[in-house]
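Here is the structure we will look at.
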Amino acid sequence: MTFSFTATVLGSPRIGPNRELKKAVESYWAGRLDAEGLDALARDLRRRTWTRLRDAGLDSVPVNTFSYYDHVLDTAAMLGALPDRVAGIESDLDRYFAAARGNDTVAPLEMTKWFDTNYHYLVPEISPSTTFALDPSKVLRELEEARALDIPARPVVVGPVTFLLLSKAVGSDAPLLDRLDELVPLYADLLGRLADAGAEWVQIDEPALVADRTPEEIAAAKRAYDRLSAAPSRPAILLASYFGSLGDALPAIASTGVEGIAIDLVAGSDTLATVPDLTRKHVVAGVVDGRNIWRTDLDAALASLGTLLGSTGSLAVSTSCSLLHVPYTLDAETGLDKALRSWLAFGTEKVREVVTLGTALTSGRESVEDEFALARAAASTRSTDRRLHDATVRARLDALTASDPGRSPAAERREAQSALSLPVLPTTTIGSYPQTTQIRVARAARRTGEIDESEYLNRMRAEVADVVALQEKLDLDVLVHGEPERNDMVQYFAEQLDGFFATDNGWVQSYGSRCVRPPILYGDVRRSHPMTVEWITYAQSLTQRPVKGMLTGPVTILAWSFVRDDQPLADSANQVALAIRDETVDLQGAGIRIVQVDEPALRELLPLRAADQPAYLDWSVGAFRLATSGVSDSTQIHTHLCYSEFGEVIEAIARLDADVTSIEAARSHMEVLDDLNAVGFDLGVGPGVYDIHSPRVPGVEEIAASLREALKAVPVERLWVNPDCGLKTRGPAEVEASLRNLVDAAKLVRAEL
């Protein structure tokens, strides 16, 4: 066997500790930075990332985890599988970005969640005309850069099985995995080129194998890796899985000639009970959680490693998955209290934990006993902190969940809500409007003390007034206040709820240049005051048209936060739901007749294994209904879902029992409506009629065509007209043009009716 490393991570963040890549990419899109400048920044960012990992003590460093937008899109580019519609774009970089986000004439690829995380990947489109062809230039270039820096580099690529299973078939119903034989020779060619370039190991990521896979799919994966491991010239192969247990796929993969297997022992902790004989394999044990921010129990992690020693050929310590999902470092957090800081580990701290465990495994724990003692002390203070157990909240929740009857039947609610007097095909938006330069300047000025709170509030009220006036000018039917005061749809609420902590610089990538700061849910949740009522009632005072109250649902707040791991998710969801319930009741009391409780992450948290899904769907639906069942029948409850494959949760969407569900449908061409009809969905629905993640302005006839298509599946009295997501990331001019066309399209189709 080639050199067996002892400490590594499966991937690293790529946005930069200060979001350097985000800013540079957006400058390139805006024409303020040329391709050479963007490339120079990317090279420097990669250099700093690799040297930091090497100097921290990792003896194998992942490379080719950098991406300008998305690693799955990078794989499609490497395999010659970008869509035909971008082929005419001369620049490689512009062709890549057109596939990612579209342009004035080209629609982008679909976007959906990367397994059960909050990262979004671009869905490759594979048609019968797709001719795969290898372009290894990116991975070879990054390997060359790393080796020139004396980095112990391990190239990382998405594997052929996962690539095909995550892609979308276009123009054919044949399973895409049938085309695996076309990809295996390309991967074999890639392995040979990496070996020639000096790579000792290559990491091939196959996370799709941790989901439920048929015997035929597992057999196909085995055949692929039998062939790849038989390649005459190649580096050693590390097949990496994460986000769960490999289950039946583990013995199949272990029977191939791959030298290494990376297993997730955090999300796939049951793997330890069923590990086959791996005495001929280098096992990379993911015992440090790569997705959450809690400090590792080093004693327990070392014990887990000990159980593997007798069944592996050699053993390395790793994170459970890429560190893409956590912030860079705790060093940037100045507002943490001492106790909370001691409980946490961001990316830099997780690398230190990996090195500590690697040292303990190879040299004995005596030299790192101080680190083990610190971890034990942190666990002790966390278990006894009073913020983690609020008896009042728990008692109220127990009483309410035992007695809440829920809302009246939908027909009774529709009758009560007829007083809203809305036209057929009512038009609305999802909630947020552009975060303009003026908003960002005001927010920064408040943070630095340049303006006081009173002046900041005045500026935000002026923004609300402008948004309301714009919507009235455009003749939208149901308005929103635009959310200028909100930094993020989850963080805004977390900053006002007891039991959460919002970071200063805990940025992680959501997709492309979109970054978020997930708050930390560390204790029991309590709402101490109304959070949105003043803003919504101010907007309502400016118009006679109904204004929606805008709230984020309990499941999404959990999904987009780092959540405590010392109690079931269901318990945390119900605590958040109780706080949101109180807010809906207060909004109703203030005269707000429509309240939207967004749950875009409902599909995101769905367990990867079917056996675990019913329990999740029960408590997630229950939490939403707890949050929305405190209002009267005359208050119309909306919800919003976006950017997921909805088929697996379609029954749960119906069970949410929201009066109106707005749902992403633009990129998927209204396919979700047939799925809703199949489960007897008979409530209001607003399928997104245009994609807000693309800068292109849809034409009136384009939107009208989408509405006509939707009317084939939804009766006119139940159909709403809206974009497919919030407008926060778009520019004011394109938003105004798009919404004007949306309203005109609705009026056109109304006239046709």
Side-chain angles (χ1 to χ4, degrees), residues 26 29-30 85 97-98 100-111 423 425-439 463-464 466-484 489 511-514 545 547-548 550 596 598 600 638 640-643 662-670 685-710 719-751:
E26 291 177 352
W29 293 339
R85 59 183 176 274
F97 283 135
R101 59 194 295 267
N103 59 30
D104 290 343
T105 60
V106 172
L109 292 168
E110 283 186 41
M111 185 190 300
L425 302 180
T427 56
T428 190
T429 58
I430 300 306
S432 62
Y433 270 63
Q435 290 273 306
T436 63
T437 299
Q438 294 92 324
I439 293 173
E463 292 284 344
V464 171
D466 287 346
V467 166
V468 170
L470 171 64
Q471 293 171 91
E472 288 203 316
K473 181 180 77 171
L474 294 172
D475 204 20
L476 286 156
D477 299 306
V478 174
L479 313 188
V480 297
H481 79 293
E483 305 177 12
M489 66 182 293
Y511 63 86
S513 67
R514 166 72 168 156
R545 304 182 188 213
V547 174
K548 287 191 289 188
M550 301 301 306
Q596 183 169 307
D598 287 346
H638 289 223
H640 170 65
L641 302 98
C642 61
Y643 293 103
S662 58
I663 192 165
E664 185 277 318
R667 290 195 184 189
S668 55
H669 310 295
M670 301 292 163
V685 62
V689 293
Y690 79 90
D691 173 29
I692 67 91
H693 290 85
S694 170
R696 61 187 296 271
V697 174
V700 173
E701 184 52 41
E702 177 185 340
I703 297 174
S706 292
L707 286 174
R708 295 183 193 108
E709 190 67 25
L719 188 64
W720 284 63
V721 185
N722 48 259
D724 64 2
C725 204
L727 303 169
K728 177 180 179 179
T729 60
R730 300 268 54 94
E734 66 188 80
V735 164
E736 181 170 351
S738 296
L739 293 181
R740 179 176 291 109
N741 290 351
L742 179 147
V743 171
D744 288 347
K747 292 178 177 178
L748 175 64
V749 176
R750 283 176 194 158

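In this structure, Arg101 CZ and Arg696 CZ are separated by 13.0 Å, a value rounded to the nearest 0.5 Å. The distance from atom SG of Cys725 to atom CG of Leu641, rounded to the nearest 0.5 Å, is 10.5 Å.
Closest heavy-atom contact between Glu472 and Leu479: CG-CD1, 3.9 Å. The two residues Gln435 and Glu483 come nearest to each other via the heavy atoms NE2-O, 3.3 Å. Across all non-hydrogen atoms, the minimal contact from Glu736 to Leu470 is CD-CD1, 3.8 Å. Across Pro434 and Ile439, no two heavy atoms sit closer than the pair O-CD1, 3.7 Å. Between Leu476 and Arg545, the closest heavy-atom pair is O-NH1, 2.5 Å. Pairing each heavy atom of Val689 with each of Val721, the nearest pair is CG2-CG1, 4.3 Å.
By the 4.5 Å heavy-atom criterion applied to side chains, Pro687 and Leu719 are counted as neighbours. With a 4.5 Å cut-off on side-chain heavy atoms, Pro600 and Met489 count as touching. Between Pro695 and Glu734 there is a side-chain heavy-atom pair separated by less than 4.5 Å.
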Assess whether side-chain contact (heavy atoms from CB on, under 4.5 Å) is satisfied between Asp598 and Met550, documenting all intermediate values.
CA-CA 8 Å; Asp598 287 346; Met550 301 301 306; 4.1 Å; yes
Which is it for Asp691 and Glu110 under the side-chain contact (heavy atoms from CB on, under 4.5 Å) test, yes or no, and what are the steps along the way?
CA-CA 10 Å; Asp691 173 29; Glu110 283 186 41; over 6 Å; no
side-chain contact (heavy atoms from CB on, under 4.5 Å) between Tyr690 and Leu739, intermediate numbers included:
CA-CA 10 Å; Tyr690 79 90; Leu739 293 181; 3.9 Å; yes
Take Thr427 and Asp475 through the side-chain contact (heavy atoms from CB on, under 4.5 Å) test and state the conclusion after the steps.
CA-CA 9 Å; Thr427 56; Asp475 204 20; over 6 Å; no
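In terms of modelled atom types and a separation under 3.5 Å, the side chain of Ser432 and the main chain of Leu727 share a donor-acceptor contact. When atom types are taken as modelled, the side chain of Asn722 and the backbone of Gly686 share a donor-acceptor pair closer than 3.5 angstrom. Checked by atom type and distance alone, the side chain of Gln596 never pairs as donor or acceptor with a backbone atom of His640 at under 3.5 Å. Of the possible donor and acceptor atoms, none in the side chain of Arg730 sits under 3.5 Å from a partner among the backbone N and O of Tyr433. Checked by atom type and distance alone, the side chain of Ser738 never pairs as donor or acceptor with a backbone atom of Val697 at under 3.5 Å. Remark: side-chain polar atoms of Lys548 are paired, donor with acceptor, to backbone N or O of Thr429 under 3.5 angstrom. Side chain of Asn741 to main chain of Pro698: a donor-acceptor pair is present (N/O by atom type, distance under 3.5 Å, no hydrogens or angles).
Salt bridge present: Asp477 and Arg750 bring a charged side-chain N and a carboxylate O closer than 4.0 Å. The pair Glu701-Arg708 meets the salt-bridge criterion, with a side-chain N (NZ, NE, NH1 or NH2) lying under 4.0 Å from an Asp/Glu carboxylate O.
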